[in-house]
Amino acid sequence: MALAGAEASSEEVEAVRIAYGFDRPLTAQYASWLGDVMKGDLGFSNILQRPVMEVVLERLPVTAKLAGLSLVFALVLAIPLGVLAAARRNTLVDRLALSIAVVGQALPNFFFALLLILIFGVTLRWLPISGDSSFLHYVMPAIALGYFSTPAIMRLTRAGMIEVLDSDYIRTARAMGLPCRRVILKHGLRNALIPVVSLTAVQLGFMLSGSIIVESVFSMNGIGRLGWQSIQRTDLEMMQALVLIISVIYLALNYFADLLNGLLDPRLRVQ
Amino acid sequence: MTATDMIDPSATDTTADTTADTTGPGPARSSSDTLHRALRHPGLLIGAGLVLAIVAMALLAPMLTPHDPYLQNLSARLIPPVWQADGSWAHPLGTDALGRDYLARILYGARISLLIGFGATAIALVIGTTMGVLAGYFGGWPDFVVSFVVNVRLALPAMLVALVVVALVGGSLTVVIWTLGFLVWDRFAVVMRASTQQIRSLDYLSAAEAAGASVLRILVSEVMPNVLGALIVVATLEIAQAILFEAALSFLGLGV
């Protein structure tokens, strides 16, 4: 309907339907779409009049860069906090680290993003508030997106560290008189990080989903904003392809995390 | 590593302080004793107070503000809140560009948010718990099927799918509740599966089987009470998630 125009006659609408194959049964349409996907053809966006693949590849680098930076931010904030919280368990430091993390989960993504814009963009004028042309444009979106993943990573790091620090080999290392810092960082962290790797892969998947909001707030032309725009202009081919692409990326990330775990923990390789 | 290991610790960790004492399956403790312990826990009291306050504000909205949240009044547009120079107590938080009272909109909006939070979580709870308990109890192929469905769900970008559904079907309260309910059940399934597996081989389940109890009876009266603690923890977290999720949908213009 949208393609034929608002004032199209019923004959014109019918002609458009036949031209684009919308008159065929749904199952047939789906089967031919699936067949094309297997051949690496994600379809043709009738709204943009361009192949879906071309548009997505154009937008993907922005989202990849955003998700990567967000992840770096989340890890840099969450892992030290988690280690600190575990090393100083049940003290004020622990509580403080936990509350920093919980705030990240409680604040809606878009609200936090708008706060950042208000503080760093409008009042202090340190950072550009929209677009994706330079590295500085990525700073605020990466913080907004990364902060949301912080609590989960931090809590898992803390739980992992506590478990590891209670184990026998840590007690042995301590008994041997190794300095505390070395015990925690070298012997403890490596083992505590194994579950964190898997969680990070999951979080990266959520970031792809969360990038819809953050990219919209900061007007960045990544695939998240592309998804939102496609919904607004009912670009079905694009939406279908985006759901598929994000799912595949998520699966690939999980697979990669499993491989990485095998590298980190020789015990897992046997199974 | 499966999703279970990743979600379980984070799911139980936050509320462990507050709920473990009161809802854990543990040995039977008299209710007054439990209440006494709970009352001594400041974190629990503050949290419960906040939740009660929000629920009360949502329920008592008409008594707290004289204004209609939907009524537009173009002669009273963009009134600043009361702490600014030309604000007035008639509109404590001011009015928006269409002259609607902000306080009324927040109070009545809380009703919708709570309704979505509880509604979506209730749907998710039924779907996720059924799948998780069945998978955990029977193992074998039901477990395989459930794990597969959970993985498919986890791979789907929830926000994008919710947006697409709401855009195609139209954004009414019912549609949003059902859409979210069908998207946020994964944690229920994962945690319930793990909890059921943990108690699967315990003696009282074998005893019930030996006594000839039907599967339904075992699941309802033996398994469910013992996984209830974890269920409540997941449910409280999911209500919060669902409310945030809906807020994001509304922000993008496709909510209620």
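Every chain is numbered from 1 and lettered A, B, ... according to where its sequence line falls, protein lines coming before strand lines.
- Heavy atoms closer than 4.5 Å to chain A are found in the side chain of B/Leu168, but not in its backbone.
- Proximity to chain B is absent for every atom of A/Ile153, based on heavy atoms less than 4.5 angstrom apart.
- A pairwise comparison of heavy atoms in A/Thr63 and A/Ser211 identifies CG2-OG, 4.0 Å as the closest pair.
- Residues B/Pro157 and A/Ser247 are in side-chain contact: their nearest non-hydrogen atoms beyond the backbone lie under 4.5 Å apart.
- Neither the backbone nor the side chain of B/Ala240 has a heavy atom closer than 4.5 Å to any heavy atom of chain A.
- For A/Leu253, no part lies under 4.5 angstrom from a heavy atom of chain B.
- The minimum heavy-atom distance linking A/Met207 with A/Gly146 is given by the pair CE-CA, 4.2 Å.
- A/Val62 is linked by a side chain to side chain contact (heavy atoms under 4.5 Å, CB included) to A/Asp132, A/Tyr138, A/Met220, counting only residues two or more places apart in sequence or in another chain.
- For B/Ala135, the side chain to side chain contact (heavy atoms under 4.5 Å, CB included) test picks out B/Asp143, B/Val146, B/Arg193, with sequence neighbours left out.
- Among A/Val197, A/Val217, A/Ile212, the residue with the largest count of heavy-atom pairs under 4.5 Å with chain B is A/Ile212.
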